[in-house]
Number of protein chains: 2
Amino acid sequence: MTRATKTRKGRPKSELGPPANGNRTRIRARNEDNILDAALEVFADCGFKGATIDQIAARAGMSKPNLLYYFRRKRDLYLAVLERTLDMWLEPLSAIRADGDPAEEIRAYINRKLAFSKLRPTASRMFANEIIQGAPLLGTVLQDGLRGIVDEKAAVIRGWASAGKIADVDPYHLIFVIWAVTQHYADFASQVEAVVGSGLSDRKFFRETEAAIDHILLRGILPPER
Amino acid sequence: MTRATKTRKGRPKSELGPPANGNRTRIRARNEDNILDAALEVFADCGFKGATIDQIAARAGMSKPNLLYYFRRKRDLYLAVLERTLDMWLEPLSAIRADGDPAEEIRAYINRKLAFSKLRPTASRMFANEIIQGAPLLGTVLQDGLRGIVDEKAAVIRGWASAGKIADVDPYHLIFVIWAVTQHYADFASQVEAVVGSGLSDRKFFRETEAAIDHILLRGILPPER
DNA sequence: AAAAATATTGACCAATCGGTCAGGTTCGTT
DNA sequence: AACGAACCTGACCGATTGGTCAATATTTTT
């Protein structure tokens, strides 16, 4: 109340989050990006409840009310971060081509998924956090979209198995195994690091990991000939 | 202040948590058990920060101050739950025998680990939560104990590989792959359920899972002969 | 330049939560 | 019965935190 107390009011009040006109501002685009980047890190490190808006705002270089100006609720921000990376998470699976060489398609899928774990480990960890706790906030969003793609690709893999081009393994379990293994190196990186002292960001270790996974999943553990 | 305000005081005050004499009471044993059971569920579902003492106390059928009477701090309870299941978590690996048949030892290890995921899925999820967030509270406790056993068993596996009894795969990666796959069905159960509609508690699905994992890890994905 | 829209913040609030405390009840022992 | 130890609870407190609001600063538009 420094001076002047007449008629001014800041805004129409009810909807001050989104932009009035349809398209977004330069400043808005930049800030939303910074916020989403910061939120990804903090949510991955602390989980949904553990993360605080203050923490994210500080990391994004702004005040808490300013962050809330762009994302009205913590949950909104959380879901925005997940949606932003969902496509990247699903892309490797989508890229499987039914008309390619089966063994090579699967090997390429494994390697793409591992590359994602290397490139976006925090995104992987954030998904892991959410799913471990039963996907309470992501809910059906992920699962509906997921099931369709998985069913589709499982059919492709089953076709390969029926044609004798790959071993006769259940396609769903094959997909689960690939998910499990490739994501393990991102989600449980702290454990891997504790045991062997390296992570996927180490180029040499990445190549070794890739080779070992490819070998085990494609050729198995049993000796080459008996 | 109903009446009588003379000399009585409840307790010596400073140490009222632990029992005065060495051994524990019947009531204490029962309550601690209930609390640890309840805490495991809640911590697995919500993570450390997300879980509340009230929630755990309610699930254990007692008041919050009463729970705090047995476990003075939330962190104490958290660590107690982890320690209580750590042995079960490590046991399958410890049970690997250097003088057994290599392929059978590894297959048995895989199956023991999967059985743990079936029997104690919440324990697995609680460990997963902790490790994903960098094991901030478990810290070196798990990792020190872990590394020793892993190094030991990795040496055993390496010996088998050198002797040509199994394929020449890096033993550490082999262990990571087995961890990843077997724990996946507990930690990401909600995702598995969303895709195929079943979990390890379904006997038929459990047998299928066991068979698929054994097949992929032992024999690989490539067709049996070319 | 002035008005309008957008961006930013300090101060504040209500709810939640970890933990304390004084006192009361039950249990085991003699 | 009685006495101390163990067990239990309602009430409370301080700190944290998600979210609001009025007011101000900055940018964009006319």
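Residue numbering restarts at 1 for every chain, and letters A, B, ... go by the order of the sequence lines. The figures here come from the full heavy-atom set of this structure, side chains too, leaving out hydrogens, waters and symmetry mates.
- Between the CG atom of B:L67 and the C1' atom of C:dT20 there is a distance of 15 Å, given to the nearest Å.
- Residue B:G61 is the one, among B:K64 and B:G61, whose nearest nucleotide of DNA chain D lies closer to the 5' end (criterion: closest heavy atom).
- Atom C1' of nucleotide D:dT16 and atom CD of A:Q55 are separated by 12 Å, given to the nearest angstrom.
- In this structure, the nucleotide among D:dC8, D:dG19, C:dA7 sitting nearest to the side chain of B:N31 is D:dC8.
- Ring geometry for B:Y78 against B:F43 counts as perpendicular: the plane angle is over 60°, on a 0 to 90° scale with 30° as the lower cut.
- Contact between the side-chain N/O atoms of A:Y69 and the OP1/OP2 oxygens of C:dT8 is not found at any separation under 4.0 Å.
- In this structure, the nucleotide among C:dC17, D:dT20, C:dG19 sitting nearest to the side chain of A:R73 is D:dT20.
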Determine all donor-acceptor pairs shorter than 3.5 Å in which one atom belongs to a side chain in residues 58-66 of chain A; sequence neighbours excluded.
| from | atom 1 | to | atom 2 | distance (Å) |
| --- | --- | --- | --- | --- |
| A:S63 | OG | A:N66 | N | 3.4 |

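- Residue contacts for B:A51: at a heavy-atom cut-off of 4.0 Å it reaches the sugar-phosphate backbone alone, with no base atom in range.
- One can place CZ of B:R72 at 14 Å from P of D:dC7, the figure rounded to the nearest angstrom.
- Of the candidate nucleotides D:dC7, C:dG19, D:dG19, D:dC7 has the atom nearest to the side chain of B:Y70.
- Remark: B:S63 is not in phosphate contact with D:dG10, judged by side-chain N or O atoms under 4.0 Å from OP1 or OP2.
- In the set D:dC7, C:dG18, D:dG18, C:dG18 carries the atom at the smallest distance from any side-chain atom of B:I53.
- One atom, CD of B:E32, and another, P of D:dC7, lie 9 Å apart when rounded to the nearest Å.
- Between C:dA7, D:dT17, C:dG18, one nucleotide has an atom nearer to the side chain of A:T52 than all others, and that is D:dT17.
- Note: B:F71 CZ to B:I35 CD1 = 5.5 Å, rounded to the nearest 0.5 Å.
- Spacing between atom CG of B:D76 and atom P of C:dT20 amounts to 10 Å, rounded to whole angstrom units.
- Regarding contacts with the backbone of D:dC7, a side-chain N or O of B:R28 is found under 4.0 angstrom from either OP1 or OP2.
- One atom, CG of B:D54, and another, C1' of D:dT9, lie 13 Å apart when rounded to the nearest Å.
- Contact between B:E105 and B:R97 at its shortest, heavy atoms only, is OE1-N, 2.9 Å.
- Applying the 4.0 Å criterion to OP1 and OP2 of D:dT17, one finds that B:K49 has a side-chain N or O inside that range.
- Using a 30° and 60° split on the angle between ring planes, A:H184 and A:F188 fall in the parallel class, below 30°.
- Atom C1' of nucleotide D:dG18 and atom CZ of A:F43 are separated by 12 Å, given to the nearest angstrom.
- DNA chain C is contacted by both A:I27 and B:P65; A:I27 maps to the nucleotide lying nearer its 5′ end (nearest heavy atom per residue).
- Residue B:N66 has no polar side-chain atom (N or O) positioned under 4.0 Å from OP1 or OP2 of D:dC7.
- Residue B:T25 places at least one side-chain N or O under 4.0 Å from the OP1 or OP2 atom of D:dC7.
- For B:K74 against C:dG19, no side-chain N or O and base N or O form a donor-acceptor pair under 3.5 Å.
- Remark: P of C:dT16 and CD1 of B:I56 are 18 Å apart, rounded to the nearest angstrom.
- The cationic group of A:K118 does not satisfy the cation-pi geometry with A:Y185, failing either the under 6.0 Å distance to the six-membered ring centre or the 45° limit from the ring axis.
- Contact check, A:R26 against D:dT28: a side-chain N or O comes under 4.0 Å of OP1 or OP2.
- For A:L68, whose side chain is taken as the heavy atoms from C-beta onward, the closest listed nucleotide among D:dG19, C:dG18, C:dT8 is D:dG19.
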